[in-house]
Visitor: 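Following this message is one structure expressed as structure tokens.
Reckoned from all heavy atoms, side chains included, excluding hydrogens, waters and symmetry mates. To find a chain, count down the sequence lines: A is the first, B the second, and so on, and within it residues start at 1. Note that the coordinates shown come from a computational prediction; the quantities given were computed from them, not determined experimentally.
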Number of protein chains: 2
Amino acid sequence: MDLVEVEGWTLDQRRAVSPQLRAILRSRIIRNDLRPMSRLSEPEIAKEYGVSRQPVREAFITLMNEGLVEVRPQRGTYVCKIDYNAVLNARFVREAVEADIARKLASEGHDHLIRDLRAQLTLQRDVSKDSPERFMELDERFHMTLAQGAGVAKSWGFLEGIKSQMDRVRFITFEEFPIAKLIDQHERIVDFIEQKAVSGAEDAMRAHLREILNSLPRVQDLYPDYFENSHGLSGEKKSQHQEERP
Amino acid sequence: MDLVEVEGWTLDQRRAVSPQLRAILRSRIIRNDLRPMSRLSEPEIAKEYGVSRQPVREAFITLMNEGLVEVRPQRGTYVCKIDYNAVLNARFVREAVEADIARKLASEGHDHLIRDLRAQLTLQRDVSKDSPERFMELDERFHMTLAQGAGVAKSWGFLEGIKSQMDRVRFITFEEFPIAKLIDQHERIVDFIEQKAVSGAEDAMRAHLREILNSLPRVQDLYPDYFENSHGLSGEKKSQHQEERP
DNA sequence: ACTTGCCTACTTCCATACAAGTCAACAGAA
DNA sequence: TTCTGTTGACTTGTATGGAAGTAGGCAAGT
């Protein structure tokens, strides 16, 4: 067969490999399988997946545009550290957009949508205990459903690149994120939407999306090497480039 | 010299050409120099700029990710039509984000910023009569200044790809957009921020960013071939692929 | 000890060749 | 006339070799 499997990810050589590599590498970065500041050499990854360097290179270009890798010409390609300030800005954008989505939903009628969301809530409670990773998927689905319901599905698509900045933080330390509390907040949002309480829904959504602000400083304290410290201290301390892979 | 000049855009072969090509082509598409549904064959553009296919190809990939071109494997690469629904969604996102920026600015103190914005306003009035294209630049600068002032400069960066969807509409028909009115709205926003009138600033910003909704239907009526009609009518009328370049 | 210059082994970037799919035109048969 | 199969000139996707630049090791000179 023309299937190559590396680290649990499969690549189908019969279809275009460049977009597949892009998705695989993005996922590996967001899930912290490829760690910040680790090298991603073109020939090495090409050999790993049994393809040429060109598709790898094209995947790198896309990841660079998303701010996930940094390619320094004639020097090497590295997984970006998490930009603390970028996370804050991404969160700001998400709060603004989803607050308006919540307002829109609460000011209209959405009986079928409410039923769907309720079902998702019970599902979230069921699986969250066992697998925080599975909860991440359901969380993603929940927020996407809200966007769809508000008739702005494409807007959610716009946020995908932004959201990846926040997701990286979550994947570093699941335990820092109070999943049960997050689900309660989800339920609160749905309640307000059902009651057509516009500003209530908005406030609940904003509170929900500010939750990461509680965890973020602790995560940075635990894993300072994973972060680009450009948040408060304007003095940029350029730390050494240190290899990650042996 | 190693400079190649095509259609008023210059390309410096000594520096990396791929990002330059990306910027040039993006600008040409947004400014409607390259029209919707026109072909962009890799070898043709490569020959035009005196480079190989590879950098052209890499530029295409980036443009595809931004939704500006559509590359159909083994068939060809085409400039995307303007997706009516995508424009509406982009506008929705912008309104949400910039409304929060306006709120943030109005709730804090920004004396120096106000002076800067006032200066920009007079500049806008000066040049707008002569050159609508110049006004576009100043408009961009105005909104970016607001984002910077609110301490969320990176958020504005996130919106760039989104904004391009709206800019394409503007560049098709400058005359449809009441520039004087837009400047008045700018001034209104600055006034409210200066008075620290939070909800006033928010409302003014939202009204400003809804302005495009007045022009959009007329633009689509004037140039229906430039649009992907996926807004109201769910029936997708696939029009013929028609060549643009002779 | 310290600096300077070269040399080698890397890296990304670009050019070129080949592989594979698509589409239109066209020849031939019913 | 109409349908069908084939050919060939396109397209983009991938592979590979070389060009240009960088970083570090090492030897020679101060």
Visitor: Using whole Å, what does the distance between atom P of nucleotide D:dC10 and atom CD of B:E42 come to?
Guide: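 Taking CD of B:E42 and P of D:dC10, I get 16 Å after rounding.
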Visitor: Keeping the roles fixed (side chain from A:Q20, backbone from A:A16), state whether a donor-acceptor pair exists under 3.5 Å.
Guide: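 A pair under 3.5 Å: yes.
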Visitor: Using whole Å, what does the distance between atom P of nucleotide D:dA15 and atom CD of A:Q13 come to?
Guide: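 The answer, rounded to whole Å, is 7 Å.
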Visitor: Can a side chain N or O of B:S41 be found less than 4.0 Å away from OP1 or OP2 on D:dT12?
Guide: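 Answer is no, no contact under 4.0 Å.
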Visitor: Whole angstroms only, please: what is the CD-C1' distance between B:Q54 and D:dG18?
Guide: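 B:Q54 atom CD is separated from D:dG18 atom C1' by 14 Å.
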Visitor: May I have the distance from B:R39 (atom CZ) to D:dT12 (atom C1'), rounded to whole angstrom?
Guide: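 Atom-to-atom, B:R39 to D:dT12, this comes out as 10 Å.
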Visitor: Which nucleotide of DNA chain C is the first, and which the last, in the 5' to 3' direction, to come under 4.0 Å of a heavy atom belonging to chain B?
Guide: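 Range of nucleotides touched by chain B: C:dC14 to C:dC23.
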Visitor: Got a donor-acceptor contact below 3.5 angstrom from the A:K154 side chain to the B:N89 backbone?
Guide: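 No: the side chain of A:K154 does not pair with the backbone of B:N89.
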Visitor: Rounded off to whole Å, could you give me the CZ-to-C1' distance for the A:R72 and D:dA23 pair?
Guide: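 Rounded to whole Å, this separation is 12 Å.
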Visitor: What is the distance from CD of A:E58 to P of D:dG13, rounded to the nearest Å?
Guide: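 The answer, rounded to whole Å, is 8 Å.
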Visitor: Is there a donor-acceptor contact under 3.5 Å from the side chain of A:S41 to the main chain of A:E44?
Guide: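 Checking the backbone N and O of A:E44 against the side chain of A:S41, a donor-acceptor pair under 3.5 Å is found.
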Visitor: Which residue is it: B:R134, B:R170, B:K163? I am looking for the one with a salt bridge (charged side-chain N to carboxylate O under 4.0 Å, His left out) to B:D139.
Guide: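 Going through the options one by one, the only one that passes is B:R170.
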Visitor: Map A:P73 and B:V71 onto DNA chain D by nearest heavy atom, then report which one ends up closer to the 5' terminus.
Guide: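 Upstream on the strand: B:V71.
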Visitor: I need the minimum non-hydrogen distance between A:R39 and A:R75, along with the two atoms involved.
Guide: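 Closest heavy-atom pair between A:R39 and A:R75: NH2-O, 4.3 Å.
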Visitor: Please report the distance, rounded to the nearest Å, between CZ in A:R14 and P in D:dG13.
Guide: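 These atoms are roughly 18 Å apart.
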Visitor: Do NZ/NE/NH1/NH2 and the carboxylate oxygens of B:R91 and B:E95 come within less than 4.0 Å?
Guide: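 B:E95 and B:R91: salt-bridged.
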Visitor: To the nearest Å, how far apart are B:R15 CZ and D:dA20 P?
Guide: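 Distance check: B:R15 CZ to D:dA20 P gives 18 Å.
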Visitor: Verify, without hydrogens or angle tests, whether A:T145 (side chain) and A:R141 (backbone) share a donor-acceptor contact under 3.5 angstrom.
Guide: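 Here the side-chain-to-backbone pair exists.
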Visitor: Please pick, from D:dG18, D:dG21, D:dA15, the nucleotide with the shortest atom-to-atom distance to any side-chain atom of A:R53.
Guide: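 Among the listed nucleotides, the one closest to the side chain of A:R53 is D:dG18.
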